[in-house]
Colleague: 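Structure incoming, see below.
Chain letters run A, B, ... following the sequence lines, proteins first and then strands; every chain starts at 1. As the structure is a computational prediction, the values presented were derived from the model and not from experiment.
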Amino acid sequence: MTRFFLRRSAGFVATLFGVSFVVFWVMNVVPGDPALVILGIDSTPEAQEALRRLLGLDQPFALRYLAWLAGMLVGDFGTSYAFRVPVADLIVERLPLTLSLAMTGMTVTIVLALGLGVLAAANHNRPVDWSVMLVSQVGIAVPAFWLSILLVIIFAVHLRWLPPGGFPGWSDPLGAARALVLPTIALAAVQSAVLARVVRASLLEVARLDFVRTARASGLARSRILWLHMLPNALVPIVTIVGMQFANVLTGTIVIENVFSLPGLGRLVFQAISNRDLPLVQALVVLFATIVVVMNFLVDIAYGVIDPKLRPAA
Amino acid sequence: MKTILATLLLASSLLTGVAFAKTDISIGMQQEPTSLDPTADATASIETMMTGNVYEQLTAVQEDGSVAASLAREWTISDDGLTYVFKLRDGVKFHDGSPLSAETVKFSLDRAMAKDSANPSKSIFEPIESVTVVDPVTVEMKLKRKDAFFLFNLASGKASIMSPAAIATNADKPIGSGPYRFASWTRGDRLTLEKNPDHRDATGVQVERVTFRFMSDPAAATAALMAEEIDAFPGFPAPELLPQFQSDPRFSVNVGTTEGEVILAFNNSRKPFTDIRVRQALSYAIDRKAIIDGAMYGLATPIGSFYPPHHRAYVDLTGTYPTDVDKAKALLAEAGVAEGTELSLRVPPFPYATRSAEIIQSQFAKAGIQVKIENVEWGFWLDEIYKKLNYDMTIIAHTSPNDLGNFARDASYFYGYDNAEYHQLWDRIQTETDTAHRDELSREAQKFLAREAVHGFLFQLPALNVVRKELTGFRMSSPVQAQPLSALRWQASN
Amino acid sequence: MRPKRPVSLVIGAALVGLVVAAALVSLVWTPHDYEAIDVAQRFLPPSAEHWLGTDQFGRDVVSQLMAGARSSVAIAFVAVLLGGVVGSLMGLVAASAGGLVEDAVMRLTDFSLAFPALLFAIMLGALFGPSFANAVVAIAFISVPVFARVVRGAALQVRSQDYVLAARAGARTPAHILWDHVVPNVLPAITVLATIEFAIAILVEAALSYLGLGVQPPTPSWGRMLAQAQTLLYLAPQLAIYPGLCIMIAVLGFNMLGDGLRDAADPRLTEGR
Amino acid sequence: MLAIEDLTVAYGGNAAVRRASLTIAAGERIGIVGESGSGKSTLALALMGMVADAARVEGSIRIGGIEMAGAHEKAWRVVRGRKVAMIFQEPLSALNPLRRVGETVAEPLRILNGMDRNAAQARTLALFKEVGLPDPEAKARQYPHQLSGGQRQRVLIALALSRDPAILIADEPTSALDAQVGLRIVELLNDLARRRGMSVVFISHDLASVARATDRLCVMYGGDVIETGPTAAVLAAPHHPYTAGLVAARPRIDARRERRARMATIEGVVPALADLTEGCRFAGRCRSEMPHCAGERPRVSISAQGRTVCCHLTDAAVTASEARVFA
């Protein structure tokens with residue numbers, strides 16, 4: 001078990017290291033001078049030079065990268081060029097929104113997908129099954145940003161049930177919840193369509209196994225067998241996809257937050273890249289990558305929880 | 001729900017005949033600021049929200065462009081135009097309670113002028129020789145040369161008078177001396193200001209609470225206005241959406257003017273633009289009306305040179321190069337530019353630019369020029385086009401006031417334009433303090449630039465404002481980036 | 001009893017055929033010049049002249065959509081080809097070399113899967129400016145690890161069956177075994193995956209164009225049409241509907257074709273993704 | 001105890017079981033024998049009400065006197081496990097791999113018999129002991145993949161016994177096991193039937209196991225019950241040509257191989273469901289085939305000693321010329 005953790009952690013650190021280096025390097029060669037972006041086209045070269053010195057941009061690349069790494073080790077993510085406040089503060093400020101969006105998106109995805117997938121599998125090769133499959137096939141094909149636009153037209157512009165965008169802050173829980181409804185639907189629609197198909201397929205796979213017959217033969221109800229016997233056995237592929245989808249949802253928020261004017265990490269990363277705000281981009285990308293890697297790790301752990309055969313030897 | 005409530009309140013106020021005075025206001029802004037310190041960041045929305053509201057300056061620019069007193073009660077200018085003596089208002093306090101004095105004025109200006117200053121408009125401080133404290137309420141400034149725009153420039157947010165103690169925290173917790181003080185900021189979503197009860201003009205300020213809502217997407221902004229979530233949207237980003245509001249009795253729609261000249265910039269240092277005939281040919285190929293109709297839905301004034309049409313010194317030069325494809329072709333042939341020559345058009349990510357680009361592309365095609373459009377990101381634009389001059393053509397709006405001086409920079413400026421004659425002309429404009437004479441010189445400069453066809457001059461960026469009918473005091477045109485909030489009033493509707 | 005297989009294969013092939021046909025036909029003919037701007041003719045309703053009306057610049061929508069199909073199909077095709085070849089080679093090499101090489105290749109795919117793809121595309125756009133080539137590279141980058149993993153998995157499976165046999169049959173080099181046994185057996189998996197990746201590529205291309213990172217004007221692209229139509233929702237909502245529907249049809253087509261092919265080839269492949 | 005009459009199970013137009021009749025008395029051990037595709041498993045599933053939803057069931061199935069043919073799922077659930085229980089061929093896949101085997105056995109006790117957790121557990125351990133699992137407490141905590149094949153089958157038997165069924169259907173319970181292990185499972189079933197007075201339906205294609213495990217035999221071919229009778233008698237003197245062939249094909253260690261070699265198999269293969277004819281389904285493979293065999297279904301004739309046979313040759317006693325007395 002310890003070995004397993006050690007190996008995973010080593011891979012984890014290596015991945016993050018690689019990601020951070022690539023980002024740092026790319027952000028360095030990308031055309032665009034943060035000082036110029038911040039000061040605008042009417043600024044004097046002298047002021048730009050002064051700002052570059054202030055931001056430490058006059059230091060050589062390697063030195064800056066090492067300094068950044070050293071800072072990371074002691075938990076200092078640096079100071080944003082454009083916002084002029086610690087990067088950690090900016091992230092802490094915006095993480096809750098993005099995480100809640102990703103969480104609600106994932107929750108809706110899972111609930112919807114399990115419902116539809118189980119429904120389809122339980123009615124295999126019947127009209128219900130075909131309709132679910134058709135709906136999910138269409139769902140997969142819908143571009144999330146287009147769906148977002150359609151949702152805004154229908155629910156915000158015409159029906160005026162929900163706000164078209166913006167976020168009133170957590171101090172207004174009802175408003176916050178309302179603001180998250182449409183983005184959540186936009187995020188979850190596509191993902192749940194994908195997941196529902198996986199749920200159905202792996203349930204059908206499991207349905208062929210003999211233990212399902214055994215359970216029926218012992219008198220258990222079909223619904224109980226479906227949910228408590230078959231579904232757990234179908235979970236390995238489902239969890240794998242859920243893990244991948246969490247990453248998708250997380251990057252999906254980049255687009256969704258822009259469409260719905262939500263002040264989350266997705267908007268922030270967009271802004272940070274266009275401002276050439278290296279410390280911020282760096283921290284955000286590393287954060288995204290961390291979440292993805294941790295998610296993969298959790299998925300691996302989940303395999304063991306689900307299936308005793310897959311538990312790493314003690 | 002909100003609509004119903006508002007209707008109810010409106011109805012009740014009509015019934016009782018008592019004006020219902022709303023004391024808060026919500027204003028939509030397209031551009032999301034990264035910092036709230038105008039002396040550190042050039043983002044225009046920072047100035048719009050903060051200048052004259054949270055931060056005050058020695059002077060203030062009125063809607064008509066004239067300069068008025070602000071923190072400076074009055075001033076005297078020496079006959080040679082090189083010494084300014086400002087008398088400050090008494091008893092002004094910053095929001096943190098610290099007093100404003102001649103010392104703080106000197107501190108703020110010295111900081112902006114300093115060698116290591118990263119002030120975005122550092123050039124406006126360039127003429128200043130020294131700032132001296134005469135007594136606690138008197139500041140004397142000596143200039144190196146005469147500067148016609150000095151008082152105007154001192155009204156800029158970049159010349160804000162700041163509390164020395166607050167310099168480090170102004171980026172996200174601004175402390176100024178203005179009629180409004182900072183309340184809260186949810187980055188990326190909203191900024192809330194509240195009335196400063198200690199301000200000298202506090203009694204005249206009606207609106208207690210102002211919330212700026214950041215919405216970059218025009219569709220979202222429209223929906224928010226329609227849903228009455230916001231009361232005003234100055235600088236509404238999408239002209240195509242205005243008819244929606246014009247037909248709605250709740251709103252007044254105003255098309256104001258700005259200082260933003262939109263140009264099809266030619267890289268004058270690069271072939272074939274070094275040849276004036278090519279520049280003129282392309283100017284003939286431009287159909288401004290089609291561009292304004294297509295890109296701005298007709299809501300912009302065409303310009304024939306580099307000067308805002310609302311200015312008293314403006315000359316209409318749009319007739320200099322009337323649309324004439326044959327003439328364009330002839331001039332191009334004369335200049336040896338082959339039919340089908342490909343030129344790149346690198347476009348920054350602003351709707352006015354990206355839309356104009358596609359129309360210009362089709363117009364130039366008729367004149368035998370293949371335009372290769374490349375929509376680039378702002379950081380990329382600044383580096384590749386602005387800094388490295390790596391482009392043939394681009395489309396950009398110059399939003400600074402009094403910016404005829406752009407053409408008097410040397411060839412390293414992104415125009416790649418350097419003309420000794422014009423340098424002289426600009427020197428005279430800059431140092432001419434007599435208004436009438438200066439206007440005359442400005443007219444001459446406009447004609448010069450049109451004649452030279454330095455760029456394709458397209459149109460003046462309009463200020464599109466959507467404002468609730470009951471709301472008055474809104475500044476519709478902006479000679480500077482500022483939207484004074486203390487003048488806002490809710491009127492009883494009738 | 002199983003009507004689904006031929007149905008999804010037929011519908012998928014029909015939709016893909018429609019999109020590809022539109023793309024090909026647009027090379028030689030569109031109802032109107034899709035670049036022709038005439039502002040006076042803008043926002044026209046559908047008519048005999050303009051079947052779906054005109055856009056904000058007075059361009060014919062049908063012509064734009066047809067030419068947009070060309071951009072989508074071309075980018076998706078080149079990107080999937082690139083990603084498929086590179087990824088499959090990586091997968092094959094990993095599976096046949098084993099050991100350190102395999103480890104390295106798999107870590108590389110881990111790495112690229114951990115890297116937010118959209119961010120990569122945005123950075124690429126910022127680095128080189130947006131273009132056809134950048135969209136292709138960004139999309140290929142996304143599909144490489146998927147190909148690598150699936151092909152490696154399939155190759156390992158085949159190899160475990162055939163390797164011993166082949167080795168016993170005669171002194172064949174690993175390369176021969178790879179070519180004779182592994183490649184033909186992995187090919188169906190690659191084909192099916194390619195169709196699905198094609199669908200994904202069309203979606204990603206649309207998203208990139210939507211963000212302004214795809215092909216540049218005047219070449220039409222569904223994603224950019226959508227982005228431009230976004231502010232016109234009140235004025236001409238249909239302009240946002242058409243390109244979205246086109247994207248949907250194309251993606252639906254390729255997905256259903258992929259499903260159909262997969263079922264026809266080997267129902268067991270379902271577990272691959 | 002259980003009586004089926006004229007039972008037909010059909011998928012689409014094809015009958016997997018055709019007008020089968022069979023009775024099982026309390027405590028009786030009956031074997032159902034046939035090649036794969038003969039309909040024996042379908043028949044067994046029909047007795048559990050577990051044929052596929054799409055299948056058409058006609059005729060009568062009376063369990064404990066109650067007519068179950070055409071009964072709804074709900075009615076069947078009362079029967080399953082309590083009156084009729086079933087164990088399957090593949091003991092590994094027949095157990096939920098994600099559950100400890102103790103939980104698997106305890107679940108129906110808790111859910112359907114309303115026992116609390118402790119009672120269900122105690123009962124599970126008792127059952128484990130009854131089926132001869134060593135160290136029941138430890139075994140109950142293990143997962144299927146941690147047990148041997150024989151142990152898994154014992155767990156399945158414990159599960160089947162848990163609700164004290166009157167009839168236990170064992171569908172090829174030994175064929176996935178080693179011979180020795182299989183033998184012990186057969187012994188266990190015999191033992192349980194004796195002690196509990198429980199009927200056992202033992203389905204197999206292995207005549208040796210059947211001979212050991214059953215009192216009575218039912219031979220199926222192509223969906224038809226072609227012969228029934230006391231196991232020993234049927235094996236000793238099969239009446240139906242197919243049964244005779246089957247008995248002859250039985251591998252025998254002590255046989256004189258050279259002589260048997262020609263007779264060891266029945267030529268041809270079991271026809272596919274869709275190819276079945278109206279007449280005797282063995283027609284085409286039968287060594288004693290007569291012209292009308294293929295077109296006309298033989299009647300069931302009842303002979304002495306409780307034997308039935310379904311063959312046009314019925315009265316012409318099938319000689320034992322092709323079979324040997326079962327040792």
Colleague: Is it the backbone or the side chain of I273(A) that comes under 4.5 Å from a heavy atom of chain B, or both, or neither?
Modeller: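 Both the backbone and the side chain of I273(A) come within 4.5 Å of chain B.
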Colleague: Below 4.5 Å from any heavy atom of chain A, which atoms of Y386(B) appear? Answer side chain, backbone, both or neither.
Modeller: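 Side chain only.
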Colleague: Going by atom types alone, do S121(B) and D42(A) pair a side-chain donor with an acceptor below 3.5 Å?
Modeller: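 The criterion, which ignores hydrogens and geometry beyond distance, is not satisfied for D42(A) and S121(B).
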Colleague: Is it the side chain or the backbone of D277(A) that comes within 4.5 Å of chain B heavy atoms, both, or neither?
Modeller: neither
Colleague: When you measure from the side chain of R187(B) to the backbone of L268(A), do you find a donor-acceptor pair of N or O atoms at a distance under 3.5 Å?
Modeller: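 No; zero donor-acceptor contacts below 3.5 Å.
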Colleague: Pick one of side chain, backbone, both or neither for P163(A), based on which atoms fall under 4.5 Å of a heavy atom in chain B.
Modeller: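 Both backbone and side chain of P163(A) come within 4.5 Å of chain B.
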Colleague: Should we say atom NZ of K387(B) is surrounded by more than 12 heavy atoms from elsewhere, each under 6.0 Å from it?
Modeller: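 Check passes, neighbour count above 12.
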Colleague: So, D383(B) side chain and P31(A) main chain: donor-acceptor pair closer than 3.5 Å or not?
Modeller: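 Absent.
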Colleague: In the structure I gave you, are the side-chain heavy atoms of I41(A) and L382(B) within less than 4.5 Å of one another anywhere?
Modeller: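 Yes. Closest side-chain heavy atoms under 4.5 Å.
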Colleague: Hey, is E377(B) close enough to R276(A) for a salt bridge, meaning N to O under 4.0 Å?
Modeller: yes
Colleague: Tell me, side chain or backbone of Q271(A) under 4.5 Å from chain B's heavy atoms, or both, or neither?
Modeller: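 Contact with chain B: side chain only.
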Colleague: For V152(A), which atoms come within 4.5 Å of any heavy atom of chain B: side chain, backbone, both, or neither?
Modeller: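 Neither part.
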Colleague: Counting only heavy atoms closer than 4.5 Å, note whether K115(B) contacts chain A via side chain, backbone, both or neither.
Modeller: both
Colleague: Checking E126(B) against chain A: side chain, backbone, both or neither under 4.5 Å from a heavy atom?
Modeller: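 Neither; nothing under 4.5 Å.
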Colleague: Would you say D189(B)'s side chain and P263(A)'s backbone share a donor-acceptor pair under 3.5 angstrom?
Modeller: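 No, the answer is negative, given that no donor and acceptor are paired below the 3.5 Å cut-off.
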